[in-house]
Amino acid sequence: MRTHWCGELRTEHVGEEVALCGWVSRRREHGEHLAFVDVRDRTGIVQCVVDNAHDLRSEFVVRVSGTVRHRLEGTVNDKLATGEIELQDCTVEVLNRADPPPFPLDERTDVDEAVRLRHRYLDLRRSRLQRNLEIRARVNSAIRAAMERQGFTEVETPLLMPSTPEGAREFLVPSRQVPGSFYALPQSPQLFKQLLMVAGTERYYQIARCLRDEDLRADRQFEFTQLDLEMSFVDQDDVLAAVSEAVLDAAEAITGHRPDDIPQMTWHDAMDRYGSDKPDLRFGMELQELTELFAGTGFQAFASAAAIKGLRVPGQGDLGRKKLDALTDDAKQLGAKGLVWMRVREGGDLESPVTKFLSETELKAVVDATGAEAGDLLLLVADEWHTTCEVLGGLRNQVGRPPVSQGPFRYVWIVDFPMFVGVDATTGTPKPAHHPFTRPHPDDLDRLESDPMDVRSKAYDLVLNGWELGSGSLRIHEPELQQRVFSLLGISPEEADRRFGFFLNPFRFGAPPHGGFGMGMDRLVAILAGEDNIREVIAFPKPQSGADPMTGAPTTADDKQLAELGLRLLPPKA
RNA sequence: GGCCCCGUGGCUCAGUUGGUUAGAGCGUUGGCCUGUCACGCCAAAGGUCGCGGGUUCAAGUCCCGUCGGGGUCGCCA
């Protein structure tokens with residue numbers, strides 16, 4: 001139907017007879033015998049000169065044939081890629097009429113997201129989402145190429161699998177053939193990809209859809225897409241290198257230049273310096289160690305604390321009481337008992353509600369240690385090390401963090417995660433930080449039983465601009481070690497067999513050492529596309545409620561469907 | 001489940017201390033216009049102020065509840 005795309009026409013096409021297809025973007029009428037019609041397809045817009053645009057309306061679907069010519073002197077539009085030319089002697093064929101769109105399809109107005117989602121097919125017609133979908137496709141393609149180049153084999157894994165109730169809440173699918181039983185949709189292909197290692201696939205990857213029935217956020221959807229991979233006979237750096245290669249290729253495909261190699265930072269360093277296991281390295285404001293300074297202090301809140309740290313907020317010394325109170329509330333929300341603020345005055349004097357409890361020496365030492373200058377604000381927290389770090393890290397993000405999409409892109413690998421986080425309140429056993437198949441750090445193996453909370457694991461996260469892009473680990477491939485970890489977690493051999501038997505038994509048949517990674521494609525694409533929200537890089541996302549305003553999903557099932565599945569509904573809650 | 005923000009023609013918004021008949025721009029419809037490009041000009045249509053209740057002589061405005069959207073904490077091994 002068409003000979004060219006709208007967006008590709010240039011002065012070199014002058015004189016050619018062309019046929020274009022697309023939508024009427026805008027029309028400008030000048031009386032009976034002259035009108036301009038902007039025709040748009042996914043590549044761009046071309047101005048067509050017609051003698052009568054009376055029967056054309058916005059978003060009508062048209063096929064236009066005509067001759068490309070230079071625009072008249074003084075009528076060139078430099079805001080348009082095709083602005084030097086126009087189509088003359090046009091024949092316009094209306095392929096379909098269109099109702100006026102419920103919202104403008106230009107880029108100038110920020111339309112309410114509920115309206116956009118209800119008419120997503122129109123929202124997708126706009127250049128922002130067209131561009132984002134193209135970026136997404138290019139990222140996918142670059143990643144596939146990088147994986148293939150590195151010898152990975154793409155394998156598809158089942159969507160219908162047994163429920164494994166650990167971790168995120170699963171979506172359940174009732175079985176028709178076995179009424180009363182259910183499949184679960186995968187939170188990730190975790191179990192299958194490890195079995196592929198037992199199977200000798202050696203290098204597996206998949207751009208896989210994963211599903212988690214948890215509350216939606218700016219960076220979370222029920223369904224999300226993950227670059228999933230697993231490798232045999234590798235150490236941690238091999239996995240990191242393979243993932244880095246794919247991510248950096250993807251970044252290069254979008255931005256045109258390849259980022260530096262991705263640095264590594266230990267989890268402990270990240271917590272200690274940035275107060276987060278996903279530190280945003282685009283801005284400084286590192287936490288300052290102050291514990292030693294206050295050894296033997298007379299200030300009760302500091303005297304008993306295991307860790308005291310400070311955050312220097314440059315130039316915010318004029319923050320009002322209301323804002324400071326709000327920060328204090330935030331600190332408490334983050335788990336602190338309180339927040340000490342100090343305004344730095346000329347000459348290094350500190351103004352704070354607690355100065356009267358602190359000695360001159362201590363006050364001066366705080367200024368020295370933080371490097372504070374007049375006009376700065378200092379925030380101090382004293383608590384257990386982990387709490388102190390986390391609270392100040394939260395405040396650091398709050399006062400200093402730019403939108404995630406705002407460059408530059410700062411990638412970082414976080415390594416040496418702790419094996420366990422916290423203790424289960426009911427059973428008293430440690431809780432795994434990653435999953436129970438994560439390999440303990442070899443240097444800490446002998447302390448697994450004696451000092452579990454101090455044991456590191458071979459788990460790692462990839463972080464970009466403060467967003468966790470993905471995580472992975474080396475796995476346990478020896479049944480004996482797996483047994484040790486299970487017993488630490490309070491899982492008996494019988495229970496392990498019941499819950500993970502189909503997964504663990506194969507490991508007796510010669511499981512190779514292996515490890516892998518899973519990376520959120522939606523997040524990577526969003527950041528590369530300059531979006532703060534993954535919904536902007538997903539063709540048909542869901543709002544926070546999880547109910548799709550366009551399709552009406554989820555819908556009720558009729559009695560016949562339910563009967564076939566052996567299900568009966570409970571009466572609605574009152 | 002908690003907290004915060006938002007909801008006024010199709011879209012984006014204004015609406016004062018609670019006070020007459022709720023406004024604007026864009027869009028839509030009709031008319032005019034031969035070089036515009038966010039064209040311009042004239043005119044018209046279009047409103048359950050999300051919904052329900054309450055306070056009041058009087059509610060878009062205040063209060064309670066509810067629904068929808070967004071952000072965030074919990075949750076996301």
Side-chain angles (χ1 to χ4, degrees), chain A residues 25-40 45-54 57-59 71-80 82-83 86 88 98-119 122-123 164-170 187-188 190-191 210-222 224 326 329-330 332-335 394 397-398 403 417 419-422 424 430-438 457 459 468 471 473 485 489 491 499-500 518 520 532-533 535 542-547 549:
Chain A
S25 184
R26 196 166 255 115
R27 86 206 133 95
R28 295 173 291 281
E29 284 187 88
H30 293 267
E32 280 298 304
H33 299 296
L34 176 67
F36 302 98
V37 177
D38 290 341
V39 174
R40 183 196 66 234
I45 287 177
V46 168
Q47 170 168 289
C48 302
V49 188
V50 301
D51 24 306
N52 191 331
H54 221 68
R57 290 289 186 274
S58 276
E59 302 309 317
R71 289 204 188 183
L72 303 182
E73 182 93 25
T75 63
V76 166
N77 182 353
D78 52 18
K79 279 179 264 177
L80 221 53
T82 61
E86 65 190 2
Q88 71 168 349
D99 289 349
F103 56 88
L105 298 191
D106 60 50
E107 300 298 308
R108 287 194 309 281
T109 30
D110 260 333
V111 179
D112 186 78
E113 206 171 339
V115 178
R116 293 175 56 200
L117 288 178
R118 193 169 312 123
H119 305 278
L122 292 180
D123 198 18
T164 49
E166 292 71 31
R169 190 181 300 114
E170 297 168 319
Q187 305 167 34
S188 83
Q190 184 65 37
L191 305 179
C210 308
L211 299 105
R212 293 180 189 171
D213 186 6
E214 299 287 355
D215 288 359
L216 275 41
R217 288 289 156 76
D219 60 351
R220 289 186 349 214
Q221 286 273 304
F222 285 154
F224 58 100
D329 285 346
D330 294 337
K332 287 179 180 163
Q333 181 89 31
L334 289 161
N397 278 339
Q398 206 143 319
F417 272 77
M419 185 84 182
F420 306 101
V421 292
D424 190 297
K431 293 190 291 190
H434 193 49
H435 55 60
F437 320 117
T438 305
S457 68
E468 183 194 314
S471 60
S473 63
V485 171
L489 296 173
I491 301 173
R499 280 162 61 180
F500 309 111
D532 294 335
N533 191 310
R535 292 190 297 272
K542 293 191 173 44
Q544 211 163 64
S545 64

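The figures that follow rest on heavy atoms only: side chains count, while hydrogens, waters and symmetry mates do not. Below, read A as the first sequence line, B as the second, and so on, with proteins coming before strands; counting in each chain starts at 1.
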Between the protein and nucleotides 7-11 of chain B, which nitrogen or oxygen pairs come in under 3.5 angstrom?
{"from": "B/rG10", "atom 1": "O2'", "to": "A/Pro102", "atom 2": "O", "distance (Å)": "2.4"}
{"from": "B/rC11", "atom 1": "O4'", "to": "A/Pro102", "atom 2": "O", "distance (Å)": "3.4"}

Discussion item. Is there a salt bridge (Lys or Arg N to Asp or Glu O under 4.0 Å) between A/Asp38 and A/Arg28? Walk through the geometry before answering.
Written reply: CA-CA 9 Å; A/Asp38 290 341; A/Arg28 295 173 291 281; 2.9 Å; yes

Worksheet entry | Between B/rG1 (P) and A/Glu214 (CD): distance, integer Å | 14 Å

Discussion item. I need the CG-P distance between A/Leu216 and B/rG68, as an integer number of Å.
Written reply: 14 Å

Practice prompt. For nucleotides 35-47 of chain B, just jot down a letter per nucleotide in 5' to 3' order: B, S or -, based on protein non-hydrogen atoms under 4.0 Å.
Written response: BBBBB--------

Discussion item. With hydrogens left out and only the distance checked, is there a donor-acceptor pair under 3.5 Å joining A/Arg212's side chain and the base of B/rC76?
Written reply: no

Practice prompt. Round to the nearest Å and state the distance from A/Phe222 atom CZ to B/rC75 atom P.
Written response: 18 Å

Discussion item. Between A/Gln544 and B/rG71, is there a contact of a side-chain N or O with OP1 or OP2 at under 4.0 Å?
Written reply: yes

Worksheet item: Counting only Watson-Crick or G-U wobble pairs whose two distances fall under 3.5 Å, which nucleotide matches B/rA14?
Response: none

Worksheet item: If only side-chain N and O atoms of A/His54 are considered, is one of them under 4.0 Å from the OP1 or OP2 phosphate oxygen of B/rG30?
Response: no

Practice prompt. Would you indicate whether the side-chain heavy atoms of A/Lys542 and A/Leu216 approach each other to under 4.5 Å?
Written response: yes

Worksheet entry | Residues which pass salt bridge (Lys or Arg N to Asp or Glu O under 4.0 Å) with A/Glu166, listed by chain and number, not counting sequence neighbours | A/Arg499

Worksheet item: Using purine N1 to pyrimidine N3 plus N6-O4 or O6-N4 for Watson-Crick, or N1-O2 and O6-N3 for G-U wobble, both under 3.5 Å, which nucleotide pairs with B/rA43?
Response: B/rU29

Discussion item. With nearest nucleotide decided by heavy atoms, which residue, A/Gln187 or A/Glu113, maps closer to the 5′ end of RNA chain B?
Written reply: A/Glu113

Worksheet item: Whole Å only: how far is the CD atom of A/Glu59 from the P atom of B/rG27?
Response: 13 Å

Worksheet item: What integer distance in Å separates A/Gln333:CD from B/rG1:C1'?
Response: 14 Å

Worksheet item: What about A/Arg217: does its side chain form a donor-acceptor pair under 3.5 Å with the base of B/rG74?
Response: yes

Item to complete: Indicate, with a heavy-atom threshold strictly under 4.0 Å, whether A/Thr438 touches base, sugar-phosphate, or nothing.
Response: nothing

Practice prompt. Please figure out whether A/Ala168 or A/Leu334 has its closest RNA chain B nucleotide nearer the 5' end.
Written response: A/Leu334

Worksheet item: What's the CD-C1' distance between A/Gln398 and B/rC73, to the nearest Å?
Response: 12 Å

Discussion item. Counting C-beta onward and ignoring hydrogens, is there a side-chain heavy-atom pair between A/Ile45 and A/Arg26 closer than 4.5 Å?
Written reply: no

Discussion item. Determine whether a donor-acceptor pair (N or O, by modelled atom type, separation under 3.5 Å) exists between the side chain of A/Arg57 and the backbone of A/Pro100.
Written reply: no

Discussion item. Can you check the distance between B/rC64 and B/rG69, where both ends of the measurement are the P atom (answer in whole Å)?
Written reply: 23 Å

Worksheet entry | Distance between P atoms of B/rG7 and B/rU61 (Å, rounded) | 12 Å

Worksheet entry | Side-chain heavy atoms of A/His30 within contact of A/Phe36, under 4.5 Å | yes

Discussion item. Would you measure the distance from the P atom in B/rG71 across to the matching atom in B/rC32 and give it in whole Å?
Written reply: 49 Å

Worksheet item: Contact class for A/Ala218 (heavy atom, under 4.0 Å): base, sugar-phosphate, or nothing?
Response: sugar-phosphate

Discussion item. Going by ring pair (Phe, Tyr, Trp, His ring centres under 6.0 Å), name the residues that satisfy it together with A/Phe224, two or more places apart in sequence or in a different chain.
Written reply: none

Practice prompt. In whole angstrom, give me the gap between the P atoms of B/rG68 and B/rG50.
Written response: 16 Å

Item to complete: Give the rounded distance in Å between these two atoms: CG of A/Leu122 and P of B/rG27.
Response: 17 Å

Fill in: Any-strand Watson-Crick or G-U partner of B/rG7, both distances under 3.5 Å
B/rC67

Worksheet item: For A/Asp213, which residues count as a side-chain hydrogen bond (donor to acceptor under 3.5 Å, both in side chains) partner, sequence neighbours excluded?
Response: none

Worksheet, complete the sentence: Contacts of A/Asp123 meeting salt bridge (Lys or Arg N to Asp or Glu O under 4.0 Å) (sequence neighbours excluded), chain-then-number -> A/Arg116, A/Arg120, A/Arg126

Worksheet item: What is the pairing partner of B/rG19, taking Watson-Crick or G-U wobble pairs with both distances under 3.5 Å in any strand?
Response: B/rC57

Item to complete: To the nearest Å, give me how far apart CZ (A/Phe224) and P (B/rC76) are.
Response: 13 Å

Discussion item. Is any side-chain heavy atom of A/Phe420 closer than 4.5 Å to one of A/Leu489?
Written reply: yes

Worksheet item: Does some side-chain heavy atom of A/Leu122 sit less than 4.5 Å from a side-chain heavy atom of A/Pro102?
Response: yes

Practice prompt. Between B/rC62 and B/rC6, how far apart are the P atoms? Round to whole Å, please.
Written response: 11 Å

Worksheet item: Considering only heavy atoms from C-beta outward, does the side chain of A/Glu29 approach that of A/His54 to under 4.5 Å?
Response: yes

Worksheet item: If we take the P atom in both B/rC5 and B/rA45, what is their distance in whole Å?
Response: 39 Å

Practice prompt. Take atom C1' in B/rG9 and the same atom in B/rA44, then report the distance between them in whole Å.
Written response: 14 Å

Worksheet item: What integer number of Å spans the P atoms of B/rU16 and B/rU55?
Response: 24 Å

Worksheet item: Which part of the nucleic acid, if any, lies within contact of A/Asn533, taking any heavy atom under 4.0 Å across all strands shown: a base, the sugar-phosphate backbone alone, or nothing?
Response: sugar-phosphate

